[in-house]
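Reading through the structure tokens given below for one structure.
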Amino acid sequence: MKHHPPKRLSPKRSPVAAALCLNSGGCGDLVLRKLYRILSDKKAAAEGYLRIVDESGEDYLYPSDYFVLVRVPAAAARKLLVA
């Protein structure tokens, strides 16, 4: 019986980062324990913020310590995180 090495995920199928809200900071546009879409913003990240598409449907900067990053399979991300 021939053994095959485990398949590695290709870059196209890599999990997508999402932000799980653990602290709303009193903001009405964030819901605790909800997954949010993250938009890339290196400058904001360097200053400790995440650019999040919140309940208003717009993207805003929030302190990164309000969230924990989670990996979501690409197929699920399309359903959960695409606005």
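For this chain, numbers begin at 1 and follow the sequence in order. Reckoned from all heavy atoms, side chains included, excluding hydrogens, waters and symmetry mates.
For the pair I52/Y62, a side-chain contact is recorded, criterion being any heavy-atom separation below 4.5 Å from C-beta on. The shortest side-chain heavy-atom distance between L50 and Y36 does not fall under the 4.5 Å cut-off. No side-chain heavy atom of L30 sits less than 4.5 Å from a side-chain heavy atom of L32. Looking only at side-chain heavy atoms (C-beta outward), L22 and D65 stay at 4.5 Å or farther from each other.
Between the CG atom in L20 and the OH atom in Y66 there is a gap of 15.5 Å [rounded to 0.5 Å].
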Checking side-chain contact (heavy atoms from CB on, under 4.5 Å) for the pair I38/L69: CA distance, chi angles, key distance, verdict? CA-CA 9 Å; I38 303 170; L69 298 183; 3.4 Å; yes
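Under the side-chain hydrogen bond (donor to acceptor under 3.5 Å, both in side chains) criterion, S40 pairs with no residue at all, not counting sequence neighbours. For the side-chain contact (heavy atoms from CB on, under 4.5 Å) test, residues two or more places apart in sequence or in another chain that qualify with A44 are D41, Y49, L61. D59 pairs by the side-chain hydrogen bond (donor to acceptor under 3.5 Å, both in side chains) definition with R51, not counting sequence neighbours.
Closest non-hydrogen pair, F67 versus C21, comes out as CD2-CA, 3.6 Å.
Sorted by first and then second residue, the side chain to side chain donor-acceptor pair (under 3.5 Å) pairs involving residues 22-35 (not counting sequence neighbours) are K34-E55.
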